[in-house]
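Okay, so here's the structure we're looking at.
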Amino acid sequence: MADYILGIESSCDDTSAAVLRDGFLLSNVIASQQVHKDFGGVVPELASRAHEQNIVPVVSRALEQAGIGVKDLTAIAFTRGPGLLGSLLVGTSFAKAMGIALDIPIIMVNHLQGHILAGFVDQEGKDNRHPVFPYLCLLVSGGNSQIVRVDSPVEYTILGQTIDDAVGEAFDKCSKMMGLGYPGGPVIDRLAKEGDPRRFRFAKPHIPGLDYSFSGVKTSLLYFVRDEMAKDPLFIEKNKEDICASFQKTLVDILMDKLVKAARQTGIREVTIGGGVSANSGLRSRVEDEGKRRGWNVYLPEFKFTTDNAAMIAVAGWFRLKAGERTPLDVAPVSRIADY
Ligand code: KG4
């Protein structure tokens, strides 16, 4: 009999529900919260309230689009963390209540594992290639920058990670410094396409091993902009495309240096990327180019799976269900998860 998994994602500011049949996507509904726009970042209290309003209609729509009823569900997978506690509480409580009402298992999922496994969601009309284990995932978002070795859907090793800021934060702070708005990544990506990536240089970190650091490059941009603006107050306005292209290139260079090193050290040639920053066009083309040059098999997530979504949570939960995992009903959400 087929497994019908309902996935629920509520870790930050997207309320999402998805239904998979044996890993095949039947629906993936996402309600993005607009209430944070005026604040330049996500306001946790507003996020949890918006999740409360969205969760019932989003789950109902996901079931409707999948063409199934609640009684058809085999299990409910939900994001336990990491994320905003109040937001996670909404999805976790909803999953528990539904699990009790339907008398079916609930499966907790680490949000980051969802991003790492996003490439396993099968879809109608797609080639549905999957990474082969073991593979490397460059996980890059607003909260994380890691290189993870994935030996199976339930076995992960962090090979390297940031010792300070995440790369998404560097994109967002660069945008803020230049008055370009939030979130910064998509704006910088767009402007970078029209700029010269070799025009300006920013300091790159020298961190041993496979770890990252992004605080120095951010400071380098801050001083550069401050000094240039003192000479010409219109400097940003006149040069924003070149600044964005150069800054983005620096961040992508930093990410790629360590990814190449990790592939060399482990001998693994299956490479994927995940998380919000994996939508970046500069990073995507560099990973593809390096892949061609070095004989990697590269798997880039579709754009709709780079941002937070419940399909990736459902697929991660399905793997755990098949591995025999069940989550007890006294589970509580957690804002931080140090390891996998
Ligand atoms: O995974 P994600 O949606 O959630 C959090 O970790 O919060 O990642 C959000 C991050 C933000 O920093 C955003 O600026 C960045 O992903 N991002 C991008 C792009 N799209 C989103 N960064 C660079 N280029 C993009 N196209």
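First listed ligand is number 1; within each ligand, the first listed atom is number 1.
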(message) Distance check, rounded to the nearest 0.5 Å: Q33 atom CD versus H36 atom NE2?
(response) 4.0 Å
(request) Select one of side chain, backbone, both or neither to describe which atoms of D172 lie under 4.0 Å from any atom of ligand 1, heavy atoms only. (result) side chain
(message) Please compare C12, G185, G275 and report which has the shortest non-hydrogen distance to atom 18 (C) of ligand 1.
(response) G185
(message) Using heavy-atom distances only, which candidate in G282, G142, P82, G41 approaches atom 10 (C) of ligand 1 most closely?
(response) G142
(message) With ring pair (Phe, Tyr, Trp, His ring centres under 6.0 Å) as the test, pick out the partner of F120 among Y299, F305, W318, F133.
(response) F133
(request) Check ligand 1 against P183 and write out every atom of the ligand that is under 4.0 Å from a heavy-atom position of the residue. (result) 14 (O)
(request) Using distance alone, decide if ligand 1 has a nitrogen or oxygen within less than 3.5 Å of any nitrogen or oxygen in D189. (result) yes
(message) Run the salt bridge (charged side-chain N to carboxylate O under 4.0 Å, His left out) test on R49 and E45 for me, step by step, so that the C-alpha distance in whole Å, both residues' side-chain angles and the decisive distance to 0.1 Å come before the verdict.
(response) CA-CA 6 Å; R49 278 192 233 167; E45 180 56 32; 3.2 Å; yes
(message) So which atom in P205 and which in S213 form the shortest heavy-atom distance, rounded to 0.1 Å?
(response) CG-O, 3.4 Å
(request) Could you tell me which atoms of ligand 1, counted from 1 in the order shown, lie closer than 4.0 angstrom to a heavy atom of G168? (result) 12 (O)
(request) Determine the interplanar angle of the F171 and F247 rings, folded into 0 to 90°, and report it as parallel if under 30°, tilted if 30 to 60°, perpendicular if over 60°. (result) perpendicular
(message) Within ligand 1, which atoms have a heavy atom of G143 less than 4.0 Å away?
(response) 6 (O)
(message) T307 versus ligand 1: do any nitrogen or oxygen atoms come within less than 3.5 Å of each other?
(response) no
(message) Counting only heavy atoms not in R294 (residues, nucleotides, ligands), do more than 12 fall under 6.0 Å from its CZ?
(response) yes
(message) Checking a contact table here: which protein heavy atom is nearest atom 21 (C) of ligand 1, and how many Å away?
(response) G276 O, 3.4 Å
(message) Please check whether N280 reaches ligand 1 - meaning an N/O of the residue sits under 3.5 Å from an N/O of the ligand, judged on distance alone.
(response) yes
(message) Does the structure place the NZ or CZ of R284 under 6.0 Å from the centre of the six-membered ring of F303, at an angle of no more than 45° from the ring's axis?
(response) yes
(message) Taking R61 first and then E64, would you say they form a salt bridge - that is, a charged N and a carboxylate O separated by under 4.0 Å?
(response) no
(message) How far is atom 15 (C) of ligand 1 from the closest protein heavy atom, and which atom is that?
(response) V277 CG2, 3.9 Å
(request) Mark up the atoms of ligand 1 that fall under 4.0 Å of a heavy atom belonging to S141, in ascending order. (result) 1 (O), 6 (O), 8 (O)
